[in-house]
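Single-structure report; data block below.
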Protein chains: 2
Amino acid sequence: MFTGWSIHALDAKGRLAIPARFRDVLRDEGDERLVLTTSERCLVAYPYNEWRAVADKVSRLSRVDPKVLAFRRYFISGATESLCDKQGRVLIPQPLRELAGLDGQVYLVGMQHNFEIWDKDRWYAEREQISANFGDLSSFMADLGI
Amino acid sequence: MFTGWSIHALDAKGRLAIPARFRDVLRDEGDERLVLTTSERCLVAYPYNEWRAVADKVSRLSRVDPKVLAFRRYFISGATESLCDKQGRVLIPQPLRELAGLDGQVYLVGMQHNFEIWDKDRWYAEREQISANFGDLSSFMADLGI
DNA sequence: AAGAGTTACCCCACAATTCCCCACTTATTA
DNA sequence: TAATAAGTGGGGAATTGTGGGGTAACTCTT
């Protein structure tokens with residue numbers, strides 16, 4: 001499981017260090033490949049197999065249905081397979097960097113089955129946002145029996 | 001599979017570089033021909049065989065049904081076969097360039113079986129649009145566990 | 001039918017990016 | 001406080017992308 005936050009710097013070449021404990025998770029699962037994908041305001045990193053399952057399902061859906069196209073465009077199209085270099089970094093493709101507004105300080109956020117990559121300011125803004133709607137969340141959680 | 005985004009410049013002659021990883025997909029399938037077609041706000045590029053499958057199906061449909069005619073006009077009629085030059089570029093025919101509003105920065109977007117070619121501003125507008133109608137997509141997301 | 005202008009296609013040269021190293025600094029652990 | 005691990009920075013080769021010249025084909029005009 002991916003848990004905890006890390007702050008790392010995105011270097012001038014667009015590389016981002018992956019925290020050792022995240023890399024350990026990958027190694028323990030026997031496949032160090034990572035897939036970077038886009039989400040709304042951040043990037044999401046999946047272990048390769050985890051992502052494969054999703055991508056395979058989607059690939060079998062319609063090639064013309066507008067809803068499927070929208071979904072594919074939004075969540076699938078950006079997926080980029082990558083490997084850590086010897087120093088444990090991945091190169092974030094320029095368009096993904098741009099989408100997620102990454103520069104300078106980056107937050108890596110464990111989300112159990114995957115982890116997210118946030119620009120620092122956006123990450124704090126996101127938490128603000130969530131906390132503004134906290135009431136709704138709590139009742140939602142309560143419904144789930146948590 | 002075509003995945004990931006690339007940003008390339010459309011040069012003064014209307015040529016567009018195809019990312020190396022997309023060209024690899026074509027080469028691996030043993031047929032480097034590409035078919036460019038029109039879609040709603042962007043262009044779509046198919047490997048030749050993939051396109052053939054679509055075009056063959058449509059060719060067997062009615063020659064008079066207005067819906068089929070409309071579909072044919074919209075998605076089929078603009079199809080243009082083309083090959084990459086030695087530098088890995090294709091020439092985008094001027095009418096298609098115009099239709100998709102391409103100039104300057106162009107996004108190439110992997111859509112699994114094919115890839116789309118977007119004007120940068122339109123691409124971001126499209127994402128906005130999708131995210132505004134997120135409700136439509138929730139069924140997929142639930143299905144896929146995203 | 002000939003000539004001017006445009007467009008497409010081939011080529012080469014340069015620029016930018018990516019990839020693969022190695023070295024240094026900062027944390028962590030013993 | 002040494003020893004090991006983690007994270008950062010940067011050099012240099014290889015790959016990828018960009019710009020542009022020159023010739024051939026094609027269109028349009030006269």
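Letters A, B, ... mirror the listed sequences (proteins, then strands); counts begin at 1. Since we're looking at a predicted model, the values are computed, not measured.
With contacts defined as side-chain heavy-atom distances shorter than 4.5 Å, the pair B:Leu83/B:Val90 does not qualify. Within the 4.5 Å cutoff, the side chain of A:Phe115 has no heavy atoms near those of the A:Val109 side chain.
Here A:Arg23 lies in heavy-atom contact (under 4.0 Å) with sugar-phosphate atoms only. Within 4.0 Å (heavy atoms only), A:Gln87 reaches at least one base atom of the nucleic acid. Looking at heavy-atom distances under 4.0 Å, B:Ile18 makes contact with sugar-phosphate atoms alone, never a base. Here B:Asp11 lies in heavy-atom contact (under 4.0 Å) with sugar-phosphate atoms only.
The listed nucleotides are C:dC12, D:dG17, C:dC9; the one nearest the side chain of B:Arg89 is C:dC12. Residue A:Ala20 places its side chain closer to D:dG7 than to any other of D:dG20, D:dG7, D:dG17. Of all nucleotides listed (C:dA8, C:dT18, D:dG17), C:dA8 comes nearest to the side chain of B:Leu91. The nucleotide whose nearest atom lies closest to any side-chain atom of A:Arg15 is, among D:dA6, D:dT16, D:dG9, D:dG9. Residue B:Lys13 has its side chain nearest to C:dC9 when only C:dC9, D:dG7, D:dT18 are considered.
As rounded to whole Å, 13 Å separates atom P of C:dT29 from atom CZ of A:Arg21. Taking atom CZ on B:Phe22 and atom C1' on D:dT16, their separation rounds to 14 Å, with Å as the unit. Summarising the geometry, the separation between CG on B:Asp85 and C1' on C:dC12 is reported as 12 Å, rounded to the nearest angstrom. Protein atom CD1 of B:Ile92 is 14 Å distant from nucleotide atom C1' of C:dA8, rounded to whole Å. Spacing between atom CD1 of B:Ile7 and atom P of C:dT18 amounts to 10 Å, rounded to whole angstrom units. Nucleotide C:dA8 holds its P atom 11 Å from the CG atom of B:Leu96, rounded to whole Å. The interatomic distance linking B:Leu83 (CG) with C:dC11 (P) rounds to 13 Å, in whole Å. Rounded to a whole Å, the CD atom of B:Glu98 is 12 Å from the P atom of C:dT7.
Aromatic ring centres of A:Tyr107 and A:Trp118: separated by at least 6.0 Å.
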Would A:Arg23 and A:Glu32 count as a salt bridge (Lys or Arg N to Asp or Glu O under 4.0 Å) here? Give the steps.
CA-CA 7 Å; A:Arg23 296 200 313 264; A:Glu32 314 212 6; over 6 Å; no
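Inspection of the A:Ser6 and A:Arg21 side chains reveals an N or O donor paired with an N or O acceptor under 3.5 Å.
In this structure, B:Leu10 and B:Asp24 both approach DNA chain D, and ranking their closest nucleotides by distance from the 5' end singles out B:Asp24.
For B:Lys86, no side-chain nitrogen or oxygen approaches OP1 or OP2 of C:dC10 to under 4.0 Å.
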